[in-house]
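Following: one structure in structure tokens, then a few remarks.
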Amino acid sequence: MNIVVMTDNPTEKQDSTSPVVEVNSLEQSTQHRLQVALPEFTEQATDVGGETVGNVRAENPFMVAENVNVYYGDNHAIRDVSLEIGKKQVVALIGPSGCGKSTFLRCLNRMNDSIDTARVTGMITLDGEDINRKAQDPVALRARVGMVFQKPNPFPKSIYDNVAYGPRIHGLAVDRAELDSIVHTSLERAGLLKEVKDRLEDPGTSLSGGQQQRLCIARTIAVNPEVILMDEPCSALDPIATARIEDLMDELCEDYAIVIVTHSMQQAARVSRRVAYFHLGHLVEVDDTDRVFTNPRHKLTEDYITGRIG
Amino acid sequence: MSDTHSTAEKVAAGLGRRRRKEFVFRTLGMFATGVGILFLAVFFATLIGNGASAFKQTFMKLEVELSADIIAPGGELDLVYADFDGLTRAALRDKLPDASGRSQRREMYRLLSAGAGYQVRDFLKANPHTLGTTQTFWVPAASNVDMLMKGNIDATIDETLRPLSDRQIAWIRSLDEAGDLESRFNMALFTNGDSREPELAGIKGAMMGSLFMLLVTISLSFPIGVAAAIYLEEFAPKNRWSDLIEVNINNLAAVPSIVFGLLGLAVFINWMSLPRSAPLVGGLVLTLLTLPVIIIASRAAIKAVPPSIREAALGLGASQMQVVFHHVMPLAMPGMLTGTIIGMSRALGESAPLLMIGMVAFIVDVPTSFTDPASALPVQIYLWADSPERAFAERTSAAIIVLLAFLLLMNLAAVILRRRMERKW
């Protein structure tokens, strides 16, 4: 079995030795348990690196990844992942730290471009068009595929300017009135308008953590993207703020396709229609959320969702 | 499980040693800081002690008859060639009538500064109708008079060992008793260029030279340095070449400044035929000198911008250029400006490279353009420190005080700019 070093957050320079040890021990313990635990379902798959079990196809595919591989230098971080993301649906990517789910997410709007050593192979299409083709400008792609990050990262500007930034650089508003209405609608949809409408000129960084994250969501939807990528959007938030963001996702998925990376199984169960379980760069299992959580078909998935891995 | 009881005992056993080490380290730190403060205090005390008196200067009261017989013998006043010294000397003769004979009179005349005549000339130039009247002037006394009044010449030692004779000292005392000598603010120090006469020497020429130089330096090194830093940090591919460039920039920051002077001499003066002793060339040389400092500081400032801000902008679809100019630059600007001002402070205090390009010449005229011959503040200090006259010693210290005041002002500006522009995220 190949041992792969993976970094959860590829922008951070990490000591390459420590993840090896971690992954290694994790893998050994997994194998150990696999040998000890008696399979309850004989049809359950147990290997890592085999075919993805479940159903990678979506009913109404909008974004399609076929055989995607990602390399950071010599590290093979994502191995042969195929996944379809349907319109108006929330797909949750789950898996232990370092399994490549964030890396995969960053392939979907080509954020890996900014890492010199990163190399992506395979085919990713958005509405039938290859997003990695030469003629595709990443700027145009990112206007269609928005992203919300793990840590709330508002610009050190006013709340208004934070939301207006995207429309401004893309020239989405012809005049101030239109820009005002975009800002108001976006804040409204992000459920933030009531709290900030009297202080739009205050710095975005003066808000609380949960408010900042909703500001970042408002900033993302102000560009009116077709897909929203969320990289552990609630990991820095308290349960109340998390609940608000989850409600928000329920509303937003009526218009957008949402891909969310999360470490919280409960969150995945609450917000997503489909779940994809990643392990060591492999996509192990994809299926409807209910099905994965009630009846996982892969041993690794079961171990993870029952708390035996990760 | 570990035995908590034994853990507590082991910690307690080592506690005394840890505290002792901490105490020793603290004491050493306090001692080191104390030594630093002591040296600084001694430095400032001697500097101010030596230099403060240069801001005062002894002036002599003279009732000068603007006699047309002496300065306009042909009926026409010639401002260039008229004998204005004759007027002031006549006035001094009236004050000290006991001087007899040519040699005694010459001794007496030496109490007057060479600037006394010029002062009368300037007055007449501005007020031509006063010709023929008697006016009261406060003219600068000779530097030796000033030195005696300030107690820098010991009147008790042997006559041959001091610059003033017994007779001159007696005259000075009598003038002082009559109230004809007065210590006034030394305006000449700030309004005049250099001079061989200490009482007429000023640092305006050097200040203007430094100012012109810094203007050239800042207008070149800030844009070039910041542009280079942004390119290297944000756009340049990270490979062997960029590593090589980085190493070389770091090395350039450590190159002795006189080497930059030699480079400037070879390139700007010999090859490009720019004028010698000019602030333009000085500014170019100082640009070379400060560029590495600014590039390094700006790159550090750009690196300190959190990656989350870049990602946020990239994720919204901002182009690399928009990320840099909308987000990275505003956040890095305080650091860049601080680096620039530190570079400028270094440039202001630099003298060695200027010696190489001829800015060490004795230049009386205050420069009015970038190509006029000029000196600079630190070079002026060097020139005065080299002069034999006793009165230049205090002027050297005074010039150092002025230079330090400029440096303090620039650093203050850096702090204020930083405070103003710093944003939290």
Side-chain angles (χ1 to χ4, degrees), chain A residues 9-13 105-106 108-117 137-158 161-172 203-206 212 215-216 219-225 228-231 236, chain B residues 226 229-247 298-338 417-425:
Chain A
N9 185 354
T11 52
E12 283 173 12
K13 282 175 192 156
L105 193 74
R106 293 168 65 92
L108 300 180
N109 68 344
R110 286 181 59 180
M111 283 298 272
N112 285 325
D113 284 14
S114 54
I115 301 161
D116 287 341
T117 56
D137 189 335
V139 166
L141 172 69
R142 289 171 194 151
R144 297 178 67 189
V145 183
M147 192 161 190
V148 177
F149 296 85
Q150 183 172 3
K151 255 174 64 186
N153 54 358
F155 300 128
K157 299 170 187 277
S158 72
D161 286 339
N162 260 283
V163 182
Y165 183 70
R168 270 194 190 130
I169 58 172
H170 295 303
L172 301 184
T205 44
S206 68
Q212 286 189 14
L215 177 64
C216 293
R219 183 174 69 183
T220 305
I221 56 182
V223 184
N224 198 21
I228 300 178
L229 311 176
M230 296 186 170
D231 191 356
Chain B
V226 168
I230 288 176
Y231 175 74
L232 288 172
E233 213 41 63
E234 298 284 340
F235 295 99
K238 303 275 175 288
N239 56 25
R240 210 173 297 163
W241 289 109
S242 57
D243 287 349
L244 189 74
I245 289 171
E246 177 155 8
V247 167
S298 301
R299 288 186 73 172
I302 293 170
K303 271 199 188 113
V305 174
S308 64
I309 298 290
R310 274 174 238 263
E311 291 207 316
L314 280 176
L316 278 175
S319 65
Q320 186 69 18
M321 180 103 168
Q322 285 170 327
V323 172
V324 171
F325 283 93
H326 296 167
H327 302 286
V328 176
M329 278 271 276
L331 291 177
M333 200 40 101
M336 290 176 172
L337 283 176
T338 311
L417 273 175
R418 215 193 158 87
R419 287 265 168 84
R420 277 255 174 106
M421 301 187 70
E422 212 152 54
R423 290 199 243 179
K424 299 218 156 42
W425 56 76

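Every chain is numbered from 1 and lettered A, B, ... according to where its sequence line falls, protein lines coming before strand lines.
Neither the backbone nor the side chain of A:Val148 comes within less than 4.5 Å of any heavy atom in chain B. Contact annotation for A:Arg110: neither backbone nor side-chain heavy atoms come within less than 4.5 Å of a heavy atom of chain B.
Ring centroid separation for the pair A:Phe155 and B:His326 does not come in under the 6.0 Å cut-off.
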Worked verdict on B:Glu311 versus A:Lys151 for side chain to side chain contact (heavy atoms under 4.5 Å, CB included): CA-CA 11 Å; B:Glu311 291 207 316; A:Lys151 255 174 64 186; over 6 Å; no
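Annotation for B:Gly317 and A:Val139: closest pair O-CG1, 3.0 Å, computed over non-hydrogen atoms. Scanning all heavy atoms of the two residues, the minimum distance from B:Ile309 to A:Pro156 falls at CD1-CD, 3.8 Å. Closest approach of A:Thr220 to B:Leu316, counting heavy atoms only: CA-CD2, 4.0 Å. Nearest heavy atom pair, residue A:Asn153 against residue B:Ala312, reads ND2-CB, 3.3 Å.
Counting heavy-atom pairs closer than 4.5 Å to chain A, the top-ranked of the candidates B:Arg310, B:Gln320, B:Gln322 is B:Gln322.
Rounded to the nearest 0.5 angstrom, B:Ser319 OG and A:Ile169 CD1 are separated by 7.5 Å.
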